[in-house]
Amino acid sequence: MKTIHSISGCMAVSAMIVAAGALGSCSSSRSGAGSSDVLPSPEAFEKAGFGAYRSAPGPAVLPNAHIYRTSIDVDALVPVTVNPATGQLISYPAPTDITGASMPVVLKDGWLLDRRGVGADTRFINYTYSQYHDLAEAPSVERLLQSIVPDARVTEIVELPYKIGEVTPAMADSLISAGLPRCEVILQNK
């Protein structure tokens with residue numbers, strides 16, 4: 001997702017900052033002049049827990065999957081995030097962020113399995129996933145704001161008891177049929 005500040009690759013930059021901060025805050029047994037100017041060796045990264053994924057991946061910490069409903073049928077339209085107080089656009093995807101795997105999965109009873117990260121402040125623009133993906137670059141902020149479908153809102157969000165990536169449409173439909181047991185209602189604005 002791009003923000004108004006056009007931060008591209010935000011996750012990679014954040015990971016590098018966290019890694020640099022973590023390494024910078026580690027104590028060192030080295031002494032001597034200039035030792036703080038030397039970058040740690042690859043072995044130091046592995047000892048600090050960075051790079052360990054090369055030999056033995058640990059358990060992934062993933063959030064739980066969400067399903068949601070909307071006020072009107074917008075499952076083919078691209079979501080953006082808007083500040084509800086100001087109406088300003090907070091974030092939107094780059095066309096390269098949009099793939100078939102980004103689209104929500106249509107479930108029973110009007111539910112959609114979220115694969116983009118929708119929330120209470122999500123709005124939908126008049127671009128289908130396919131149209132948006134085919135753009136050379138994202139439309140201007142003004143154009144995106146003009147493209148928002150006025151009556152399209154997320155009305156309900158429910159957190160499933162399964163992690164992202166492990167839930168299947170059949171599992172989600174089974175939970176819906178059973179009345180969403182072990183699920184947590186995150187948003188309900190009918």
Side-chain angles (χ1 to χ4, degrees), residues 1-4 7-12 14 57 59-135 138-139 141 143-190:
M1 305 260 325
K2 286 191 177 186
T3 66
I4 298 305
I7 298 174
S8 180
C10 180
M11 294 301 289
S14 297
V61 180
L62 296 173
N64 283 5
H66 290 168
I67 59 174
Y68 65 98
R69 286 183 176 165
T70 56
S71 56
I72 60 175
D73 184 15
V74 292
D75 57 294
L77 300 181
V78 174
V80 297
T81 306
V82 175
N83 181 325
T86 65
Q88 293 181 337
L89 195 60
I90 296 173
S91 67
Y92 58 95
T96 54
D97 292 339
I98 299 297
T99 67
S102 306
M103 294 182 69
V105 177
V106 177
L107 303 170
K108 61 178 15 184
D109 298 336
W111 288 100
L112 300 166
L113 180 60
D114 184 15
R115 300 197 309 176
R116 288 282 320 148
V118 303
D121 300 332
T122 296
R123 301 296 180 265
F124 299 88
I125 56 175
N126 269 329
Y127 287 89
T128 65
Y129 281 82
S130 177
Q131 291 169 332
Y132 199 85
H133 171 76
D134 290 344
L135 296 173
V141 170
R143 176 74 182 126
L144 288 171
L145 286 170
Q146 293 168 356
S147 300
I148 291 176
V149 178
D151 298 328
R153 299 277 191 279
V154 176
T155 57
E156 296 176 79
I157 300 174
V158 173
E159 183 175 275
L160 303 180
Y162 304 111
K163 301 292 182 195
I164 289 176
E166 71 180 25
V167 65
T168 65
M171 293 164 74
D173 278 339
S174 177
L175 284 170
I176 293 166
S177 294
L180 299 170
R182 305 182 335 267
C183 297
E184 181 181 344
V185 176
I186 304 295
L187 173 71
Q188 192 163 27
N189 290 329
K190 289 190 177 188

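Residues take their numbers from the sequence shown, with the count starting at 1.
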Residues passing the salt bridge (Lys or Arg N to Asp or Glu O under 4.0 Å) test with Arg153, sequence neighbours excluded, are none
Distance from Asn126 atom CG to Gln131 atom CD, nearest 0.5 Å?
8.5 Å
How many angstroms lie between atom CG of Leu112 and atom CG of Leu107, to the nearest 0.5 angstrom?
6.5 Å
Quick check: closest heavy atoms across Arg69 and Gly110, and the distance to 0.1 Å?
CG-O, 3.5 Å
So, for Ile72 and Thr70, which heavy atoms are closest and what is the spacing to 0.1 Å?
O-OG1, 2.6 Å
Distance in Å, Trp111 CH2 paired with Ile157 CD1, rounded so as to fall on 0.5 Å steps
9.0 Å
Calculate, to the nearest 0.5 Å, the distance between atoms CD1 and CG belonging to Ile186 and Asp114 respectively.
11.5 Å
Checking Asn64 now: which residues fulfil side-chain hydrogen bond (donor to acceptor under 3.5 Å, both in side chains) with it, not counting sequence neighbours?
Lys163
Tyr162 and Cys183, any side-chain heavy atoms less than 4.5 Å apart
no
Residues in side-chain hydrogen bond (donor to acceptor under 3.5 Å, both in side chains) contact with Thr86, at least two apart in sequence or another chain:
none
Residues Thr122 and Gly117: closest non-hydrogen pair is OG1-O, 4.5 Å
Verify, without hydrogens or angle tests, whether Tyr132 (side chain) and Pro93 (backbone) share a donor-acceptor contact under 3.5 angstrom.
yes
Give, for atom CD of Glu156 and atom CD1 of Ile67, the distance between the pair rounded to the nearest 0.5 Å.
8.5 Å
Candidate pair Leu145 and Ile148, rule side-chain contact (heavy atoms from CB on, under 4.5 Å), full reasoning:
CA-CA 6 Å; Leu145 286 170; Ile148 291 176; 3.9 Å; yes
State, to 0.1 Å, how close Thr99 and Tyr129 come at their nearest heavy-atom pair, and which atoms those are.
O-CD2, 4.3 Å
What's the spacing between His66 NE2 and Leu160 CG if we round to 0.5 Å?
7.5 Å
Is the backbone N or O of Tyr127 less than 3.5 Å from a side-chain atom of Ser147, with the two atoms forming a donor-acceptor pair by type?
no
Considering all heavy atoms, the nearest Val167-Ala172 contact:
CG2-N, 4.2 Å
Sort and list the pairs that fulfil salt bridge (Lys or Arg N to Asp or Glu O under 4.0 Å) and have at least one residue in residues 168-188, not counting sequence neighbours.
none
Counting only N and O atoms by type, is there a donor-acceptor contact under 3.5 Å from the side chain of Arg115 to the main-chain atoms of Met103?
yes
Looking only at heavy atoms, what is the nearest atom pair of Leu77 and Phe124, with distance?
O-CD2, 3.8 Å
Assess whether atom CD of Gln88 is packed by more than 12 heavy atoms of other residues, nucleotides or ligands within 6.0 Å.
no
Can you list everything that forms a side-chain contact (heavy atoms from CB on, under 4.5 Å) with Pro181? Sequence neighbours excluded, please.
Leu175, Ala178
Any donor-acceptor pair under 3.5 Å from Ser71 side chain to Asp151 backbone:
yes
Taking Arg116 for its side chain and Val78 for its backbone only, find out whether a donor-acceptor pair lies under 3.5 Å.
no
Please enumerate all residues that pass side-chain hydrogen bond (donor to acceptor under 3.5 Å, both in side chains) together with Thr155, with sequence neighbours excluded.
none
